[in-house]
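Throughout, a chain's letter reflects where its sequence line sits, starting with A, and its residues are numbered from 1.
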Number of protein chains: 2
Amino acid sequence: METRESILTSARRLFYVRGYDRTSLADIAEDAGVPKGNFYYHFKSKDDVLQAVLKARDEDVAQMLEQWGETLATPRARIERVIQMLTNDQDQLVRFGCPVGSLLSELGKGRDELKAPLLGTLERLVDFVTSQLQALGRTRTRARQDALQLLARCQGAVVMAHAYRDPKLLAREVRSIRASIATER
Amino acid sequence: METRESILTSARRLFYVRGYDRTSLADIAEDAGVPKGNFYYHFKSKDDVLQAVLKARDEDVAQMLEQWGETLATPRARIERVIQMLTNDQDQLVRFGCPVGSLLSELGKGRDELKAPLLGTLERLVDFVTSQLQALGRTRTRARQDALQLLARCQGAVVMAHAYRDPKLLAREVRSIRASIATER
DNA sequence: GTCTATATTATGATAGAC
DNA sequence: GTCTATCATAATATAGAC
């Protein structure tokens, strides 16, 4: 793997499991197995690495949603697939929180420029769910509100499960979220 | 106000609006109007200040809940009062997130000892809501699960409203949370 | 108890040889 | 492109005068 790529891979993982502020460039360099000095040939600052990480993550989400749009036949199945992320990534979510939500929270306090691309990723998810709910017959406005509500419930479930370090709590919330979707038209 | 108290007051506010890691002792000292050196006469470390802040916050929550238990007549009114926090503190929640949730998230990544007292505060809220739901006829187990769910929804609403910096989003979620309580027995 | 240095360490960032 | 050495700064923490 190229140096830049391995730096990015390490940064991406460390920013998630340790948070942005508490991950030093030395941490990243060590994890990636490259000398610290090498760093600034590929990135011009720590913030620059963050932007690259956020961009990579955003592209992954975009690709994932595109694939779900193609391979899953019904709007309901697509929404279901969004919720299923909470089950699939259960262990990591309980240990480190939501990759989007926890970073949004960390960067949310007085660093709006850094946070912007993350909001874009969140918006992608909101848009995706909104489209599915529209396909189920809701107006655009109503669909968006319900999409925000669904993702809010996901965020809340992860925050609590992360706080208590309790996978069962997460599983229970997932069942409840799922039920709230199933009963709606 | 005594020096120790003014340090604590400043720390409490800054840890909330800027986060723990991004608040330096110099920030606190300046805000409190005391020289940095003075600091270590009253506290033995930055972590020590955090513990004092968390303790003060926990005591406030405890007192608040005790008062609600005395002044509010019905279990439903008490639960309603919990939800109403989201409305009363709307502006701050949108700008800085939940004081409990955002710190839990920040300290959640690899600093369990620091986080412990915060979990205690969260647990107080869970217990309070659990008791009210028991009084409404639920079993203890079921009451606790529903209490966790209610607080999860509150956390989720604040996370999303904070991300989008949107008070309307928070208000909408509050209505939905309220409705979900009203319809249950 | 209060305040002025100052020690110490960690971190983001640079310079320059290869 | 890669690496070593180092700078500059900021932050936690300490020493010691008053």
Side-chain angles (χ1 to χ4, degrees), chain A residues 1-56 102-103 106-107 109-118, chain B residues 1-56 102-103 106-107 109-118:
Chain A
M1 193 177 348
E2 278 183 26
T3 298
R4 190 193 142 94
E5 287 308 306
S6 57
I7 288 174
L8 222 44
T9 302
S10 293
R12 184 169 174 168
R13 190 176 63 77
L14 291 171
F15 287 168
Y16 176 41
V17 306
R18 300 206 43 175
Y20 178 63
D21 290 321
R22 280 171 48 84
T23 299
S24 73
L25 298 181
D27 291 337
I28 298 172
E30 187 188 15
D31 188 86
V34 303
K36 290 191 339 181
N38 204 328
F39 199 95
Y40 288 87
Y41 176 79
H42 299 281
F43 301 96
K44 72 177 200 294
S45 70
K46 188 183 178 186
D47 285 356
D48 192 37
V49 188
L50 177 62
Q51 294 307 310
V53 166
L54 295 186
K55 188 175 171 225
S102 63
L103 245 191
E106 180 177 2
L107 300 176
K109 302 194 163 180
R111 278 175 294 182
D112 286 358
E113 343 72 51
L114 287 183
K115 174 182 90 159
L118 248 186
Chain B
M1 188 175 355
E2 281 183 22
T3 297
R4 190 194 142 93
E5 287 308 307
S6 57
I7 288 174
L8 221 46
T9 302
S10 293
R12 185 168 172 169
R13 189 176 62 78
L14 290 171
F15 287 169
Y16 176 40
V17 306
R18 298 207 43 179
Y20 178 62
D21 290 322
R22 280 170 50 83
T23 300
S24 73
L25 299 181
D27 292 337
I28 298 171
E30 186 188 15
D31 188 87
V34 303
K36 291 190 334 180
N38 204 329
F39 199 95
Y40 287 87
Y41 177 79
H42 299 281
F43 301 95
K44 71 177 200 294
S45 70
K46 187 183 178 184
D47 285 356
D48 193 36
V49 189
L50 177 63
Q51 294 307 309
V53 166
L54 296 186
K55 189 174 170 223
S102 64
L103 245 191
E106 181 177 2
L107 300 176
K109 302 194 164 181
R111 280 176 293 182
D112 286 358
E113 342 73 51
L114 288 182
K115 173 181 91 159
L118 247 186

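The stretch residues 13-28 of chain A touches DNA chain C through Thr23(A), Ser24(A), Leu25(A), each having a heavy atom under 4.0 angstrom from the strand. Residues of residues 38-46 of chain B having a heavy atom closer than 4.0 Å to DNA chain C, listed by number: Asn38(B), Tyr41(B), His42(B).
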Could you pull out all donor-acceptor pairs under 3.5 Å where a side-chain atom in residues 47-56 of chain A meets a protein atom, sequence neighbours excluded?
{"unit_1": "Asp47(A)", "atom_1": "OD1", "unit_2": "Tyr20(A)", "atom_2": "OH", "d": "2.5"}
{"unit_1": "Asp48(A)", "atom_1": "OD2", "unit_2": "Lys44(A)", "atom_2": "N", "d": "3.1"}
{"unit_1": "Gln51(A)", "atom_1": "NE2", "unit_2": "Leu114(A)", "atom_2": "O", "d": "3.4"}

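Residue order along DNA chain C, read from the 5' end via each residue's closest nucleotide, puts Arg4(B) first among Lys36(A) and Arg4(B). Heavy-atom nearest nucleotides on DNA chain D were determined for Gly33(A) and for Gly37(B), and the one closer to the 5' end corresponds to Gly33(A).
A heavy-atom distance below 4.5 Å is not found between the side chains of Leu25(A) and Lys36(A). Under the 4.5 Å side-chain criterion, counting only non-hydrogen atoms from C-beta, Glu106(A) is in contact with Arg111(A). Looking only at side-chain heavy atoms (C-beta outward), Tyr41(A) and Arg4(A) stay at 4.5 Å or farther from each other. Two residues are said to be in side-chain contact when any heavy atoms from C-beta on lie closer than 4.5 Å; Thr9(A) and Arg13(A) fail this criterion.
Put simply, the side chain of Lys109(A) gets close to the backbone of Tyr16(B): a donor and an acceptor are under 3.5 Å apart.
Applying the side chain to side chain donor-acceptor pair (under 3.5 Å) test to Arg22(B) and every residue at least two apart in sequence or in another chain returns nothing. Every side-chain contact (heavy atoms from CB on, under 4.5 Å) that Thr23(B) has, sequence neighbours left out, goes to Leu14(B), Phe15(B), Arg18(B), Asp27(B), Ile28(B).
Counting all heavy atoms, side chain and backbone alike, Pro35(B) lies closest to Ala29(B) at C-CB, 4.2 Å.
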Applying side chain to side chain donor-acceptor pair (under 3.5 Å), run through Lys46(A) and Ser24(A) and close with a yes or a no. CA-CA 9 Å; Lys46(A) 188 183 178 186; Ser24(A) 73; over 6 Å; no

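Nucleotides of DNA chain D with any atom under 4.0 Å from a heavy atom of chain A span, from 5' to 3', dG1(D) to dT4(D).
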